[in-house]
Amino acid sequence: SIDSTPKRPLVVIDLGHGSNIGGNNRVDPGAISPHIKNLSEVAVIDSLAPVLARQLHARGYQVAFTRGNGEILRLEGDHDRTLRVRSLFAHELAQEVGSQGVVMLSLHANSATNQSASGAYAYVQGSNGRASNAESQALARSIGEGYTIGQTPTRIHQADFSVLRNFESAVPKTDKVSAAVLIELGYLTNRGDAQALNEMRNTPSTAAAQIAGAVDNYVHQRVPGLPAPQTETAPAAPAPPAAATSAPEPDNGFSPWRWL
């Protein structure tokens with residue numbers, strides 16, 4: 001018989017940047033804060049991602065990464081191909097594990113010449129105030145309501161980012177839930193945001209819980225009748241994402257899948 005039990009979508013966490021620059025094994029750190037020593041975009045993301053994965057796993061989700069934390073993406077130094085592969089990986093893995101959809105969260109931290117610029121942004125693919133995918137818009141709205149940095153509400157914007165465009169162009173028509181949002185967690189160039197992002201790097205559990213809760217709220221709105229997760233609480237100590245060359249079976253210790 002066909003299993004008609006509602007299922008959660010796969011969640012793919014894209015750890016922004018971290019690509020190999022010019023084939024010389026020098027990692028792309030993303031934006032760098034002028035206010036706090038050694039505070040970079042990759043440092044914040046690589047600290048947040050594994051804790052976010054555990055928060056999602058505790059809510060019953062399968063989780064995968066486009067790269068492990070501290071890992072360099074090596075794709076011939078082709079930045080555009082790197083972004084394309086990150087997006088297609090999400091759909092291919094969802095099909096491989098039999099998921100009814102996939103949620104992709106691309107994590108970033110912002111920078112600006114104007115150091116007064118502050119706050120978080122949730123970007124979806126689109127233009128002129130319209131998202132190309134209503135599911136992504138709904139996910140962004142949930143993240144906007146659930147995640148904040150400081151006292152500034154998270155703003156929702158449409159943009160033409162390669163990682164989002166490539167994701168949306170490959171959404172299968174049969175998917176019940178497929179959504180992608182690029183989250184700019186805050187401005188490393190703003191003194192107040194930088195302090196908050198540094199706290200996030202050192203203690204990421206609050207931000208992880210906010211984002212995981214936002215994803216879960218979105219999914220429950222889209223997929224009614226979901227069963228309770230088998231794992232009610234996340235393990236106390238987060239483990240880094242595991243780099244694998246083939247698809248391992250999930251285990252009780254929870255090692256998020258990651259392979260390209």
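Predicted model, so just to flag it, every value in this text is computed and none were measured.
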Check the pair F167, Q125 against side chain to side chain contact (heavy atoms under 4.5 Å, CB included), reporting the backbone distance first and the verdict last.
CA-CA 9 Å; F167 178 94; Q125 178 66 24; over 6 Å; no
Evaluation steps, side chain to side chain contact (heavy atoms under 4.5 Å, CB included), between V177 and R8:
CA-CA 9 Å; V177 176; R8 291 168 176 80; over 6 Å; no
- Apply the test side chain to side chain contact (heavy atoms under 4.5 Å, CB included) to residues V44 and N198: give CA-CA distance (whole Å), side-chain angles for both, the deciding distance (0.1 Å), then the verdict. CA-CA 7 Å; V44 175; N198 191 44; over 6 Å; no
- Between H35 and Q115, does a side chain to side chain contact (heavy atoms under 4.5 Å, CB included) hold up when you go through it step by step? CA-CA 10 Å; H35 305 292; Q115 294 190 5; 3.1 Å; yes
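Side chains of N128 and Q158: a donor-acceptor N/O pair is absent below 3.5 angstrom, by distance only. One side chain, S106 or D14, offers a donor N or O that lies under 3.5 Å from an acceptor on the other. Between the side chains of R59 and Q55, at least one donor-acceptor pair of N or O atoms lies under 3.5 Å. Between the side chains of Y218 and E135, at least one donor N or O lies within less than 3.5 Å of an accepting N or O. Side-chain atoms of N133 and E168 form a donor-acceptor pair, as typed in the model, at a separation below 3.5 Å.
Ring pair Y123/H157 is tilted by interplanar angle, where 30° to 60° counts as tilted.
Within the 4.5 Å cutoff, side-chain heavy atoms of H91 are placed close to those of V102. Taking the side chain as every heavy atom from C-beta outward, F89 and F65 never approach each other to under 4.5 Å. Using a 4.5 Å heavy-atom threshold, the side chains of T66 and L93 count as separate. Looking only at side-chain heavy atoms (C-beta outward), Y61 and V103 stay at 4.5 Å or farther from each other.
In this structure, the side chain of S142 does not engage the main chain of N217 through any donor-acceptor pair within 3.5 Å. A donor-acceptor contact shorter than 3.5 Å is absent between the side chain of T189 and the backbone of S111. The main-chain N or O of A31 is never found under 3.5 Å from a side-chain atom of S40 such that the two would form a donor-acceptor pair. Checking side-chain atoms of S99 against main-chain N and O of A94 turns up no donor-acceptor pair under 3.5 Å.
Here the CG atom belonging to N190 is positioned 9.0 Å from the OG atom belonging to S33, to the nearest 0.5 angstrom. In this structure, N110 CG and D193 CG are separated by 9.0 Å, a value rounded to the nearest 0.5 Å. The distance from the OG atom of S118 to the CD1 atom of I149 is 8.5 Å, given to the nearest 0.5 Å. Between the CD1 atom in I36 and the CZ atom in R201 there is a gap of 7.5 Å [rounded to 0.5 Å]. Distance check, rounded to the nearest 0.5 Å: OG of S136 to CG of L182 gives 11.5 Å. Going from atom CZ of R165 over to atom CG of D160 covers 4.0 Å, rounded to the nearest 0.5 Å.
Both L226 and L56 are members of a single hydrophobic cluster when ILVMFWY side chains are connected at heavy-atom separations under 4.5 Å. Under the 4.5 Å side-chain contact rule for hydrophobic residues, I32 and L107 do not share a cluster. Transitive grouping of hydrophobic side chains (ILVMFWY, heavy atoms separated by less than 4.5 Å) brings Y121 and F161 into a common cluster.
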